[in-house]
Amino acid sequence: MSSHDEQVQQRQSNLAELEKLGIEIYPRTFERQHTIAALVEAHGSRTHDELEGEHVTTITSGRILAIRAFGKANFLVVSDGHSKMQAYIRQDALPELDFTIYKLLDFGDWVGIEGRLFRTKTNEFTIWASRVHFLSKCLVPLPEKWHGLTDVETRYRQRYLDLIVNPDSRRVFELRSRIVSGIREFMIARGYLEVETPMMQPIAGGAIARPFVTHHNALDMDLFLRIAPELYLKRLVVGGIERVFEINRNFRNEGISTQHNPEFTMMEFYEAYSDYHALMRMTEEMIAGVATQVLGSDQITFGDHQISLHAPFVRLSLREAAREAASRKLGREIADADLRDRDRVAAIAKELGLEVDPGSGAGKITTEIFERLCEDRLIQPTFVYDFPTEVSPLSKQKPDDLETAERFELYIGGFEVANAFSELNDPAEQRRRFEGQLKNRASGDLEAHAMDEDYIRALEYGLPPTAGEGVGIDRLVMLLTNSPSIRDVILFPLMRTRE
RNA sequence: GAGUCCGUAGCUCAGUGGUAGAGCAUUCGACUUUUAAUCGAAUGGUCGUGGGUUCGAUCCCCACCGGACUCACCA
């Protein structure tokens, strides 16, 4: 028999023995007076003498993370998932039944402990057990206590094991929750209304990406999982909700990487009477503020980098960034006009080793040059602004430069964290943009934006001057928790199923 | 989709063309304040799966499965 099976059998036999004692092996509930975290918080810094004087008794509970047995004196380390503390188990301090129960406990079991707080000779904050209650069995051996669980595949597939034995993993998800709360509070404090818009959409719009397809049986209708909530949120601004936001999942049927999970969380918001410059100021305020609120500082470590999230962030125009990087790489001066000329910029791209799609215009090629040469070097927070209109089908053009849209992306740590623009609200122009996208789609571009007549109709009712933005929550959490992979900040990242 | 690397005990890891090792965990024994408790003993393996080469494969070769990273893709 394998070690694993042997240990399972041993644990099962211990459970059977408990049942023979006549106790309920899966009790329905437990009257806990204090969590371990609350005990540590309230009494964990008391001295030995203070604890003796106060004589605090309590009933608490948690999962056993270690058993140290010395015959008649024994120690359990019990965790409530947040904090842990030790219980002192003495045969002569317990009813006989409870000591029998104790002896049938395994590493990983859930127990309730009744007793009084004290400090041991080695000054460890401890509960001196007067009762031990069995709450639930762990039938399977857990990863060892010292190295924890390092195998990433198991950590992702069986996240509960990761959470049981790796406190750092727990910490990441606690921080994630606080980051999301912080963002939500930030938005609500500014008068934004939180809403939920469809995840299942007849047309997957609002971004340039390939969608997942599904089907509704009763309506006999194909639907797409949304790639963005954008067009629905703007419909709400048309409806008079001048400040609106949504924190929810988007789904994109594309590659998986350390920065991409097929489903990911976006905070997207729209504000009437705003523009992309105002959103830059709001964004740096939000990110610096949330970091300070959650981490106590706007200075972070990300991998090998020290990053300052202190506002203001650097502002860099996309064409300027591409022009400068290409000039440096090629050793000669590239002009802004070169980037706006389809043939000249295509030649530059080829010289830089990029493949140029025949369907790509000057704007798309320039954007590709930027992404190739600049993106992963933007470690300190940088707003890259003024994108080519060609790659921004939902953005408003600059009044004096129709080839350029009032759009920015925020880069931190070498990847994109947010994307924002002044919203295109002219229905006629929006229709022309969609038609341009349809041409791309016809020539094989599977990510080209679909025509959305219903959205154009909404614009015809009048969208006020508006700016909007999407913030990648997972990536922001990566930065603020120093996590190198998006899978480290998503509880259950998508994995291939195992047979 | 391409490339590189990885898969050995429940966990963390060594290792070799001649049927496999450690620590922790587990079991038994000792121990009434331990802190990765300690000490003594024992148990535990289809070396990812399937082929091939070989007298002999966990090791070499091929395919497959799963994973990590890089590239491609992807605002």
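Order of the sequence lines fixes the chain letters, A, B, ..., with proteins taken first and strands second; residue numbering starts at 1 for each chain.
Remark: the separation of the P atoms in C69(B) and U27(B) is 37 Å, to the nearest Å. Taking atom P in both C6(B) and G10(B), one finds a spacing of 22 Å when rounded to whole Å. Rounded to whole Å, the P atom of U70(B) lies 33 Å from the corresponding atom of G17(B). Nucleotides G48(B) and A9(B), compared at atom P, are 8 Å apart to the nearest Å. C5(B) sits 46 Å from C28(B) when the P atoms are compared, rounded to a whole Å. Using atom C1' as the reference point in both G23(B) and U19(B), the two lie 24 Å apart (nearest Å). Between A25(B) and G45(B), the distance separating the two C1' atoms is 16 Å to the nearest Å. Between the C1' atoms of U43(B) and A22(B), the separation comes to 16 Å (whole Å).
Within the 4.5 Å cutoff, the side chain of N425(A) has no heavy atoms near those of the T466(A) side chain. Residues S483(A) and V477(A) have side chains not in contact (no heavy-atom distance under 4.5 Å, counting atoms from C-beta outward).
Residue G148(A) is in sugar-phosphate contact alone, with no base atom involved, counting any heavy-atom pair closer than 4.0 Å across all strands shown. Residue T258(A) is in sugar-phosphate contact alone, with no base atom involved, counting any heavy-atom pair closer than 4.0 Å across all strands shown. E447(A) comes within contact range of the sugar-phosphate backbone alone, with a heavy-atom separation under 4.0 Å but no base atom that close. In this structure, E153(A) reaches the sugar-phosphate backbone alone: every heavy-atom distance under 4.0 Å involves primed, P, OP1 or OP2 atoms, never a base. Counting any heavy atom pair closer than 4.0 Å across all strands shown, R487(A) reaches sugar-phosphate atoms only and no base atom. Counting any heavy atom pair closer than 4.0 Å across all strands shown, V8(A) reaches no nucleic acid atom. Across all strands, R496(A) comes closer than 4.0 Å only to sugar-phosphate atoms, never to a base (heavy-atom distances). Note on E254(A): only backbone sugar-phosphate atoms sit closer than 4.0 angstrom, heavy atoms only; bases stay farther off. No contact: R475(A) has no heavy atom under 4.0 Å from any strand.
Position along RNA chain B of the nearest nucleotide to T150(A) versus Q7(A) favours T150(A) as the more 5'-ward residue. Nearest-nucleotide positions on RNA chain B for R11(A) and E416(A) put R11(A) closer to the 5' end.
Applying the 4.0 Å criterion to OP1 and OP2 of A37(B), one finds that R68(A) has a side-chain N or O inside that range. Within the structure, every side-chain polar atom (N or O) of R372(A) is placed at least 4.0 Å from both OP1 and OP2 of C73(B).
Checked against G10(B), A36(B), G67(B), the side chain of P141(A) finds its nearest nucleotide in G10(B). The side chain of S3(A) approaches G44(B) more closely than any other nucleotide in the set G44(B), C24(B), U35(B). The T126(A) side chain lies nearest to U34(B) when the options are A68(B), G10(B), U34(B). Nearest nucleotide to the side chain of D151(A), out of U12(B), U43(B), U35(B): U12(B).
With a 3.5 Å ceiling on both atom-pair distances, the Watson-Crick or G-U wobble partner of C55(B) is G18(B). Shown here, U38(B) forms a base pair with A30(B); the pair counts as Watson-Crick or G-U wobble because both key distances fall under 3.5 Å. Nucleotide A25(B) has no partner under the Watson-Crick or G-U criteria, as no pair reaches both atom distances under 3.5 Å. In this structure, G66(B) and C6(B) make a Watson-Crick or G-U wobble pair, each of the two defining distances being under 3.5 angstrom.
Between E263(A) and I490(A), the closest heavy-atom pair is O-CD1, 4.1 Å.
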So if I define the base as every atom that isn't primed, P, OP1 or OP2, how would nucleotides 28-33 of chain B read as a B/S/- string at a heavy-atom cutoff under 4.0 Å? ---BBB
Step by step, work out the salt bridge (Lys or Arg N to Asp or Glu O under 4.0 Å) result for E284(A) and R315(A). CA-CA 11 Å; E284(A) 60 199 5; R315(A) 283 145 168 85; 3.0 Å; yes
Please test K396(A) against Y276(A) for side-chain hydrogen bond (donor to acceptor under 3.5 Å, both in side chains), starting from the C-alpha separation and ending with a verdict. CA-CA 10 Å; K396(A) 183 171 259 184; Y276(A) 75 142; over 6 Å; no
Would you sort out whether N74(A) and Y88(A) count as a side-chain hydrogen bond (donor to acceptor under 3.5 Å, both in side chains), showing the intermediate values? CA-CA 6 Å; N74(A) 306 272; Y88(A) 180 47; over 6 Å; no
Start with the C-alpha distance between E52(A) and R46(A), add both sets of side-chain angles, then the distance that settles salt bridge (Lys or Arg N to Asp or Glu O under 4.0 Å), and finish with yes or no. CA-CA 10 Å; E52(A) 293 303 311; R46(A) 294 278 201 281; over 6 Å; no
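As rounded to whole Å, 14 Å separates atom P of G23(B) from atom NZ of K145(A). Residue N261(A) contributes atom CG, which lies 13 Å from atom P of G67(B) at whole-angstrom precision. If you take CG of D5(A) and P of A25(B), they are 20 Å apart, rounded to a whole angstrom. The interatomic distance linking Q9(A) (CD) with G10(B) (P) rounds to 15 Å, in whole Å. Rounded to an integer number of Å, the gap from NE2 of H4(A) to P of U26(B) is 14 Å. Across the protein-nucleic acid pair, L65(A) atom CG and A36(B) atom P stand 14 Å apart, rounded to whole Å. Per the geometry, CD1 belonging to I67(A) stands 17 Å off P belonging to U35(B), to the nearest Å. Between the CG atom of N419(A) and the C1' atom of C74(B) there is a distance of 13 Å, rounded to whole Å.
The cationic group of R407(A) lies under 6.0 Å from the six-membered ring centre of F387(A) and within 45° of the ring axis, placing it in a cation-pi geometry.
Ring orientation note: the planes of F383(A) and F408(A) are nearly perpendicular, at an angle over 60° on the 30°/60° scale.
Residue E435(A) qualifies as enclosed at atom CD: its count of foreign heavy atoms under 6.0 Å is above 12.
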